[in-house]
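Contents: one structure, followed by commentary.
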Amino acid sequence: MTDLTTNYLGLKLKNPVVAGSCGLTGSLVKIRELADAGVGAVVLKSLFEEQIEADLKSNLEVYQTDYPEAYDYIKEYTRDSAVSDYLDLISDAKKDLDIPVIASLNCVTAAEWTSFAKRIAKAGADALEINISLLPSDPRKSCSDYEQIYFDVVNKVTDGLAIPITLKMSSYSSSLASLVSRLFWTGKVGGFVLFNRYYRPDIDIDSLSLTSAGVLSEPAEISTPLRWVALLSGMVEADFAASTGVHDGAAAVKLILAGARTVQTVSALYRNGAGQATKIISDLETWMQNHSFTGIEQFRGRLSYSFGSDQSAFERIQFMKHYAGIV
Ligand SMILES: Cc1cc2nc3c(=O)[nH]c(=O)nc-3n(C[C@H](O)[C@H](O)[C@H](O)COP(=O)(O)O)c2cc1C
């Protein structure tokens, strides 16, 4: 018998295929569809710090007031209403589903509202994924200025928090191996999601205007998480989840061979519907049977940095060998 169960953040998942955080995980109806399709866990759509700040700004404009007490009230009210909708989604999902529900916070700073993490835990979330959205584009800020934000958020969110946390990382980090290692050494972070996929700008050369490149990923994009999951899972004992470019069973197999405990999929669900999750899971199972593996741990990490015979493959960044042969 093929056993697809895996452990992630101390949770037992029936299989490693997770519906990643997105609009499809923002309503109970759609989450139920994903659960029925067989996903091992679901990461809810994020509660966005920026959204709460924007709601606060517009409420302050609507209820213009000079009274500091009224200001405080509006501030509390705005935050509370956004958060309470989210808490309802968590508790409804927990009541309705028999798979782990991972809540998600999207932070840009270590602002005070991160204390809502405790309420998220109380609502029943099994774990918390924190997406720290940073683009280190300010020339006046050093690498350590940006890195400090991760530590500030982790310290703030985990203070008194009873559920495990995982950090959804940006690939725009100047020394990712060092950053991930130091975050793990705090003892407060159980895992890392590699990687968040940012909005991608493009330029329309006819109208000479800025546009957006594809919102959904392409399968070839797994090469970035593949490299980093393989490198980091071989160095750090944390639980790694791979995100970006997981469209089929082969991608799931590759990332697990690289060391991922779970793979998150989003774009493939938007493109093909929840049934694509079922297909990824069954293709993973078929591949295991064809290779006589009865459990995930028998092959997980086989080609990670620490295990593989050709470790340099993941550190290679030049195509010299290939270029040399091209005339
Ligand atoms: C429409 C859409 C909405 C998303 N919303 C969120 C979100 O709320 N929080 C988050 O952390 N990531 C969000 N993401 C990013 C995905 O979780 C995922 O990291 C990214 O799409 C890469 O995975 P994929 O290649 O499987 O699509 C969103 C992605 C899409 C396409």
Side-chain angles (χ1 to χ4, degrees), residues 16-27 30-31 34 37 39-55 82-83 85-86 89-90 93 101-108 114 117 120 125 127-135 150 153 157 165-173 191-201 212-229 240-256 260 262-277 279-281 284:
V17 179
V18 172
S21 178
C22 65
L24 301 174
T25 59
S27 78
K30 288 181 176 162
I31 296 170
L34 291 164
V39 294
V42 64
V43 185
L44 300 183
K45 182 176 167 50
S46 298
L47 181 59
F48 279 82
E49 180 181 2
E50 280 168 311
Q51 180 57 44
I52 293 180
E53 291 305 322
D55 287 355
V83 172
D85 288 349
Y86 199 70
L89 178 65
I90 296 169
V101 172
I102 302 172
S104 166
L105 286 178
N106 191 303
C107 311
V108 284
T114 48
I120 281 174
L128 178 61
E129 184 177 291
I130 303 171
N131 180 347
I132 303 172
S133 296
L134 290 178
L135 186 74
Y150 286 90
V153 169
V157 171
I165 69 158
T166 182
L167 295 179
K168 191 169 186 181
M169 303 297 291
S170 160
S171 55
Y172 299 117
S173 296
F192 297 88
V193 182
L194 308 177
F195 289 104
N196 189 19
R197 184 175 187 270
Y198 286 162
Y199 165 87
R200 296 177 179 214
S212 159
V215 174
L216 303 180
S217 70
E218 297 299 328
E221 291 180 41
I222 71 153
S223 61
T224 303
L226 186 71
R227 177 198 295 267
W228 285 105
V229 166
F240 288 94
S243 169
T244 300
V246 180
H247 287 244
D248 53 27
V253 169
K254 290 176 192 179
L255 289 159
I256 297 168
T262 58
V263 296
Q264 296 189 0
T265 183
V266 167
S267 294
L269 303 176
Y270 274 101
R271 284 221 171 92
N272 307 302
Q276 188 64 16
K279 178 144 181 32
I280 295 174
I281 297 159
L284 168 62

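Both ligands and their constituent atoms are indexed starting at 1 by order of listing. Just so we're clear, the structure is a prediction, and the values are computed from it rather than from any experiment.
The residue from Ser217, Ser21, Cys22, Ser133 that puts a heavy atom closest to atom 17 (O) of ligand 1 is Ser21. Summarising the contacts of atom 22 (C) of ligand 1 with Thr244, Val263, Leu47, the nearest heavy atom is found in Thr244. Between Glu221, Lys168, His247, it is Lys168 that holds the heavy atom closest to atom 19 (O) of ligand 1.
Of all the atoms in ligand 1, the ones that sit under 4.0 Å from a non-hydrogen atom of Gly245 are 24 (P), 25 (O). Residue-ligand proximity, Arg197 to ligand 1, at heavy-atom distances under 4.0 Å covers atoms 20 (C), 22 (C). Applying the 4.0 Å criterion to heavy atoms of Phe48 picks out, from ligand 1, the atoms 7 (C), 8 (O). Per-residue contacts place Leu216 under 4.0 angstrom from the following atoms of ligand 1 (heavy atoms of the residue considered): 31 (C). Taking every non-hydrogen atom of Ser243 and a distance limit under 4.0 Å, the qualifying atoms of ligand 1 come out as 18 (C), 19 (O), 22 (C), 23 (O).
For ligand 1, the polar-atom distance check finds an N/O of Ser46 within less than 3.5 Å of one of the ligand's N/O atoms. Distances between N or O atoms of Val266 and those of ligand 1 include at least one value under 3.5 Å. Here's the thing with Ser267: one of its N/O atoms is less than 3.5 angstrom from an N/O atom of ligand 1.
Atom OH of Tyr172 has 12 or fewer heavy atoms from other residues, nucleotides or ligands within 6.0 Å.
Within the structure, ligand 1 has Thr265 among the residues with a heavy atom less than 4.0 angstrom away.
A salt bridge links Arg200 to Glu221: one of the charged nitrogens lies within less than 4.0 Å of a carboxylate oxygen.
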